[in-house]
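Source: prediction; values computed, not measured.
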Amino acid sequence: MTNRPWHLFKFWSSLPIPIIYLTFNIIYWAAGGTNNDGDDWVYPVLKWGEEPGTAVMVMAMAVVALPMIHVGFFAITMRRDILHRMVFPDRIEDRGVENDQVAI
């Protein structure tokens, strides 16, 4: 278990990965790039020249799936924090007070 925070509205940080890969993949295909077997695709599911509909669907799913995974991790984090507050209700850090602000 970890205390790594997950913020819901930072889901956008997962979008550059599929967008950059999509850009690379289209440029690679358009420039005539080939894999080791001479095929004009990197992965069989991304055959832009032969099956563009499938390739578009796979990339759209990636653009949607990564933010959804982020939201899933956010939900798990929220459940973790709720459980922690239930098990340790008297912990100072759970009240939003830093240790150096507590009067001794």
Side-chain angles (χ1 to χ4, degrees):
M1 189 152 284
T2 178
N3 68 346
R4 180 178 185 217
W6 282 86
H7 303 283
L8 181 61
F9 295 110
K10 291 187 179 179
F11 72 90
W12 63 266
S13 63
S14 61
L15 291 177
I17 296 166
I19 291 172
I20 289 170
Y21 184 75
L22 171 66
T23 304
F24 158 76
N25 206 279
I26 290 175
I27 291 171
Y28 180 86
W29 169 74
T34 60
N35 63 15
N36 292 338
D37 297 328
D39 301 315
D40 65 346
W41 41 264
V42 178
Y43 297 107
V45 73
L46 296 175
K47 295 179 181 179
W48 293 100
E50 299 171 30
E51 301 172 17
T54 303
V56 168
M57 182 180 67
V58 167
M59 292 310 297
M61 287 182 351
V63 169
V64 171
L66 285 173
M68 294 302 290
I69 291 168
H70 185 90
V71 169
F73 279 124
F74 172 75
I76 291 169
T77 300
M78 293 301 296
R79 288 186 190 110
R80 176 205 63 197
D81 293 345
I82 290 168
L83 179 62
H84 184 268
R85 282 191 290 274
M86 288 171 52
V87 173
F88 303 105
D90 297 329
R91 300 279 303 239
I92 291 174
E93 58 269 6
D94 291 341
R95 293 186 219 137
V97 178
E98 297 294 330
N99 288 335
D100 59 348
Q101 296 175 344
V102 177
I104 298 177

Item to complete: Going by the side chain to side chain contact (heavy atoms under 4.5 Å, CB included) test, name the single residue among I27, I20, I26 that passes it with T23.
Response: I27
Worksheet item: Same cluster or not: are I17 and Y21 linked, directly or through other Ile, Leu, Val, Met, Phe, Trp or Tyr residues, by side-chain heavy atoms under 4.5 angstrom apart?
Response: no
Item to complete: Return the set of residues passing side-chain contact (heavy atoms from CB on, under 4.5 Å) with I82 (not counting sequence neighbours), or none when no residue passes.
Response: R85, M86
Show me, pair by pair, the donor-acceptor contacts under 3.5 angstrom made by side chains of residues 43-55, not counting sequence neighbours?
residue: W48; atom: NE1; partner: N25; partner atom: OD1; Å: 2.5

Practice prompt. Go through the structure and list residues passing side-chain contact (heavy atoms from CB on, under 4.5 Å) with D37, not counting sequence neighbours.
Written response: N35, D39
Fill in: Donor-acceptor under 3.5 Å (Y28 side chain, T34 main chain)
yes
For residues 57-78, which side-chain N or O atoms pair as donor and acceptor with protein atoms under 3.5 Å away, sequence neighbours left out?
residue: H70; atom: NE2; partner: H7; partner atom: O; Å: 2.9
residue: T77; atom: OG1; partner: F73; partner atom: O; Å: 2.9

